[in-house]
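Here is the structure we will look at.
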There are 2 protein chains.
Amino acid sequence: MTADEWSVLMRAPLFKAMGLEITRSLVQTRSTRAYARGERIFQQGDPADALFLIIEGCVKLYRERESGEQVVVAIFAAGETFAEAAMFLSGDYPASAEAVSPSRILRIDGNALRHTILQQPQLAFAMLAAASLHLKHLLEQIEQLKVQSAPQRIAIFLLKQVSVTSGPADVALPYEKALIANRLGMKPESFSRAFAKLREFGVIVERDSVHIRDVARLTKFTAVSNDT
Amino acid sequence: MTADEWSVLMRAPLFKAMGLEITRSLVQTRSTRAYARGERIFQQGDPADALFLIIEGCVKLYRERESGEQVVVAIFAAGETFAEAAMFLSGDYPASAEAVSPSRILRIDGNALRHTILQQPQLAFAMLAAASLHLKHLLEQIEQLKVQSAPQRIAIFLLKQVSVTSGPADVALPYEKALIANRLGMKPESFSRAFAKLREFGVIVERDSVHIRDVARLTKFTAVSNDT
DNA sequence: CGATCGTTTGATTACGTTCAATCGTTGTGG
DNA sequence: CCACAACGATTGAACGTAATCAAACGATCG
């Protein structure tokens with residue numbers, strides 16, 4: 001692993017909580033692997049025996065239906081860990097993971113991790129915090145699916161990519177629109193139309209870059225029940 | 001606590017994993033409390049300092065919107081624990097909890113629990129397993145909201161209450177239909193209509209008891225994309 | 001007995017899907 | 001180098017599902 005990779009690694013909350021020494025003991029030379037765009041990392045139903053950290057690139061987590069349809073549940077970016085908790089249950093991944101862009105991904109072996117937790121129990125707190133954060137995000141997603149319209153969900157997605165709280169902002173869409181659409185629970189056609197509706201709220205789309213005229217105005221739109 | 005209460009307690013996976021001794025150390029005489037129907041257990045945004053086990057009754061977990069609207073995210077029954085993971089994150093409950101029926105609920109103090117985990121690290125595995133199970137359920141719920149129709153979601157809900165895999169079955173609806181509707185992400189009116197549509201698949205509703213003519217047939221209905 | 005609450009039913013509207021065609025960009029092979 | 005496929009994105013028209021507004025129904029409780 002390069003120094004750059006290590007710096008990404010140690011910025012992740014889970015490994016920061018572990019400390020440098022423990023992290024080093026869990027990370028072997030052959031721990032990181034490159035994945036091509038579209039390559040699968042694990043499949044729903046596989047025995048869950050590891051957790052992952054994205055060094056570079058991004059990963060979609062999705063459920064596979066019998067029909068072959070994919071339902072995207074989360075999209076993770078560089079610096080984020082995923083699949084932390086699955087290994088502690090029955091032992092099967094409840095979803096599949098696939099690289100959305102060319103990625104470098106670190107794999108932490110489950111057995112080694114469990115062993116380390118027994119020796120360093122405070123590590124369990126970091127694991128539980130990570131799981132708790134994912135729970136919170138899923139709660140938010142469920143809330144959005146249940147009560148927010150398609151344009152509102154898009155607005156929320158955009159605002160999450162923005163750091164400022166008011167005034168203008170520019171956002172670069174991080175991946176294909178069809179993927180974002182799936183993640184937000186709508187068809188690509190609906191996504192396109194819903195996005196167009198945001199024009200009246202000062203959102204200008206051009207290619208994969210989005211300009212928001214006033215972040216505060218868009219934020220306000222996400223809160224109203226009657227979107228007009 | 002009565003012997004009955006102890007037996008419920010020790011059947012819960014989390015406490016079974018703890019063992020009798022540790023459980024006893026965490027459970028004080030004044031640990032259980034009765035809640036009236038509609039009484040709140042904790043509120044979204046409150047400092048998360050405890051986890052709960054339902055000895056008797058049931059509890060809804062919901063997000064509160066600024067508008068005052070409630071979005072039900074999960075409903076727990078007797079024997080189940082909830083809010084295990086929240087205390088390990090920032091420290092605020094990401095949702096509110098309220099007793100749906102008169103309930104007896106056991107409260108486990110967060111600080112005591114954290115202390116115990118440090119002494120008995122294998123307890124962390126049980127906590128992580130509990131969190132993992134909730135994660136899985138939320139994933140399933142998201143999938144359902146995204147790709148299943150209202151009648152299908154109702155069918156799935158009914159089938160979860162049933163033990164047999166084929167043939168006829170009877171289900172007693174465990175709480176108000178409006179609550180189930182909210183949990184499934186629809187309005188009470190839509191719930192009523194969607195339920196009526198299930199008649200053609202051998203589902204007969206009468207008051208709060210439901211008769212399923214053939215469980216296998218209804219299961220098949222939940223899998224199809226074109227519901228006819 | 002009348003009030004209230006939960007549920008159902010009816011009519012209408014709004015939203016997102018579906019199917020289909022088009023457009024623009026990218027990339028490839030002749 | 002250009003032509004043409006291939007893909008992602010957009011647009012259009014028709015459809016279906018669930019939401020909304022409103023009323024009626026039935027059971028329960030005071």
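Note on naming: letters A, B, ... go to the chains in the order of the sequence lines (proteins, then strands), and numbering restarts at 1 for each one.
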Of F195(A) and K146(A), the one whose nearest nucleotide on DNA chain D sits closer to the 5' end is F195(A)

Between F15(B) and R11(B), is there a cation-pi geometry (under 6.0 Å to ring centre, at most 45° from the normal)? no

A correct 5'-to-3' footprint of nucleotides 21-30 of chain D, with B, S and - meaning base, sugar-phosphate only and no protein heavy atom under 4.0 Å, is B-----SS--

Plane angle bin for F52(B) and Y93(B) - parallel if under 30°, tilted between 30 and 60°, otherwise perpendicular: tilted

Not counting sequence neighbours, list each pair that qualifies as a side-chain hydrogen bond (donor to acceptor under 3.5 Å, both in side chains) and has a residue in residues 65-74 of chain B. E143(A)-R65(B), Q148(A)-R65(B), K60(B)-Q70(B)

Show me the donor-acceptor pairs, under 3.5 Å and distance only, between side chains in residues 132-139 of chain A and residues at least two apart or in other chains.
from	atom 1	to	atom 2	distance (Å)
S132(A)	OG	A85(B)	O	3.2
H134(A)	ND1	E84(A)	OE1	3.1
H137(A)	ND1	L133(A)	O	3.4

Within residues 171-178 of chain A, residues whose heavy atoms come under 4.0 Å of DNA chain D: E176(A), K177(A), A178(A)

At how many degrees, to 10°, do the end axes of the helix from dC1(C)-dG30(D) to dG30(C)-dC1(D) meet when each uses five pairs? 20°

Can you find a side-chain donor-acceptor pair between T32(A) and R104(A) that sits under 3.5 Å? yes

So, using side chain to side chain contact (heavy atoms under 4.5 Å, CB included) as the criterion, who are the partners of S31(A) when residues are at least two apart? V27(A), Q28(A), L106(A)

How many whole angstroms separate atom CE of M186(B) from atom P of dA19(D)? 8 Å

Parallel, tilted or perpendicular: which one describes the rings of F82(B) and F42(B), with boundaries at 30° and 60°? tilted

S96(B)-E64(B) side chain donor-acceptor pair, cut-off 3.5 Å: yes

